[in-house]
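Below, chain A is the first sequence line, B the second, and so on; all start at residue 1. This structure is a prediction, so every number in the text was calculated from the model and none was measured. Side chains are part of it too, since the values below use all heavy atoms of this structure and drop only hydrogens, waters and symmetry mates.
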Protein chains: 2
Amino acid sequence: MSEQRSPQPTGAERSRPARRGLRGCPASEARDRLVSAGLRPTAQRCAIAWLLNGPKHRHVTPEGLYQEASKARVSVSQSSIYNILRQFTEAGLLRQRTFRGLVIYDTDVSDHQHFLVEETQEVINMPGTPMRVGGLPSAPEGYEIVGVELIARVRSKR
Amino acid sequence: MSEQRSPQPTGAERSRPARRGLRGCPASEARDRLVSAGLRPTAQRCAIAWLLNGPKHRHVTPEGLYQEASKARVSVSQSSIYNILRQFTEAGLLRQRTFRGLVIYDTDVSDHQHFLVEETQEVINMPGTPMRVGGLPSAPEGYEIVGVELIARVRSKR
DNA sequence: ATCCTTGCAAAACGTTTGCACCTCA
DNA sequence: TGAGGTGCAAACGTTTTGCAAGGAT
């Protein structure tokens with residue numbers, strides 16, 4: 001029996017306590033997503049999937065997610081956080097990126113670029129515009145370009 | 001008295017042993033550069049400056065530089081490597097960057113972009129072409145773009 | 001002589017691993 | 001029940017720090 005805990009999806013809908021095993025509720029959707037990805041829907045994975053399942057895309061660090069899970073009364077150990085994030089990444093549910101040496105897991109697995117807020121290190125997804133980069137030098141001899149990553153550093157206007 | 005060691009500038013001119021305190025020799029140039037940057041020309045700093053002073057720009061990691069220094073018979077501790085790299089960066093002699101979570105110090109402090117070799121994690125400077133990025137979305141509301149970083153991932157053609 | 005720099009060792013930090021227990025299908 | 005997921009604690013590699021000794025001006 002899936003005695004699911006009730007992680008809060010960061011904000012809205014804190015009012016209704018999770019009911020167990022109910023189909024059609026957010027917890028069940030999270031569970032379905034795991035199964036489709038070929039992962040066993042364990043309690044911890046369901047909870048993490050639910051946490052990451054906000055309406056908007058998110059960028060989380062292992063440490064941040066661990067604290068978030070603790071706040072949401074989800075019992076997950078640190079190593080499980082690392083395991084789960086890696087497993088989700090391998091299953092294609094997340095994408096791992098690094099900005100300024102900080103490891104980030106992005107719930108938006110599509111190809112896109114990022115804004116990086118200087119003051120807060122916050123990462124913001126760029127709308128998936130088909131960007132064109134002009135004047136890009138060709139790859140060094142013997143190499144071929146397999147991808148281009150672009151990071152626009154931004155700071156708040158005052 | 002400046003009992004300078006003789007680190008080798010990665011390749012060429014290994015033939016002539018360093019002479020001490022001689023003006024006009026590579027060691028002296030390194031020393032002058034430190035002084036101009038407002039840093040005291042200690043033995044360790046001179047040695048590191050000399051190591052980094054190849055004809056081409058370089059990208060080094062702290063550990064890599066530490067090992068290189070050891071091989072070059074330069075006596076520098078690990079913590080001094082970290083200190084010196086930070087001091088050089090603050091003095092504008094180096095620029096710190098991170099690629100894929102790996103901290104890199106770049107002897108090319110000018111604005112430029114990079115190739116990143118997938119297999120080896122090697123970093124290659126792009127020629128400083130005035131690139132034009134088309135279709136770049138404007139910054140999110142309340143933010144302004146202060147810089148754009150671009151990394152072209154490459155792999156060796158077979 | 002004074003300040004700054006260095007080196008050592010230990011601490012801090014984030015991440016990974018080994019292993020016993022537990023859970024899910 | 002068996003495969004595999006989880007939690008704990010310890011290991012790990014990298015970076016930082018505290019402090020005493022040494023060097024530079």
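The B:V103 side chain lies nearest to D:dT15 when the options are D:dT15, C:dA9, D:dT6. Closest approach to the A:R45 side chain among D:dC8, C:dT6, D:dG5 is made by D:dG5 (side chain taken as heavy atoms from C-beta onward). In the set C:dC24, D:dT25, C:dT15, C:dC24 carries the atom at the smallest distance from any side-chain atom of A:P41. Picking from D:dG7, D:dT16, C:dT16 the nucleotide with the shortest atom distance to the side chain of A:S80 gives D:dG7. Taking only side-chain atoms of A:S79, from C-beta outward, the nucleotide of D:dT6, D:dT14, D:dG7 with the closest atom is D:dG7.
Two residues are said to be in side-chain contact when any heavy atoms from C-beta on lie closer than 4.5 Å; A:E63 and A:Q78 meet this criterion.
Contact annotation: B:Q44 side-chain N/O to C:dG7 OP1/OP2 distance is under 4.0 Å.
Both A:Y66 and A:L94 are part of a single hydrophobic cluster, where members link through side-chain heavy atoms under 4.5 Å apart.
When each of A:L150, A:I124, A:V123 is tested with A:F115 by the rule side chain to side chain contact (heavy atoms under 4.5 Å, CB included), just one qualifies, namely A:I124.
Contact annotation for B:Q78: base contact, defined as any heavy-atom pair under 4.0 Å involving a base atom.
Distance B:Y82 OH to C:dC13 P: 16 Å, rounded to the nearest Å. When the C1' atom of C:dT5 is taken as reference, atom CD of B:Q87 falls 8 Å away, rounded to whole Å. Counting to the nearest Å, the C1' atom of C:dC24 and the CG atom of A:L34 are 13 Å from each other.
Checking B:R40 against B:V76, the closest nucleotide of DNA chain C that is more toward the 5' end is the one next to B:R40.
For C:dC4, the base has no donor-acceptor partner in the side chain of B:T42 [N/O atoms by modelled type, under 3.5 angstrom].
Residues B:N125 and B:H59 have side chains that bring a donor and an acceptor to within less than 3.5 angstrom of each other.
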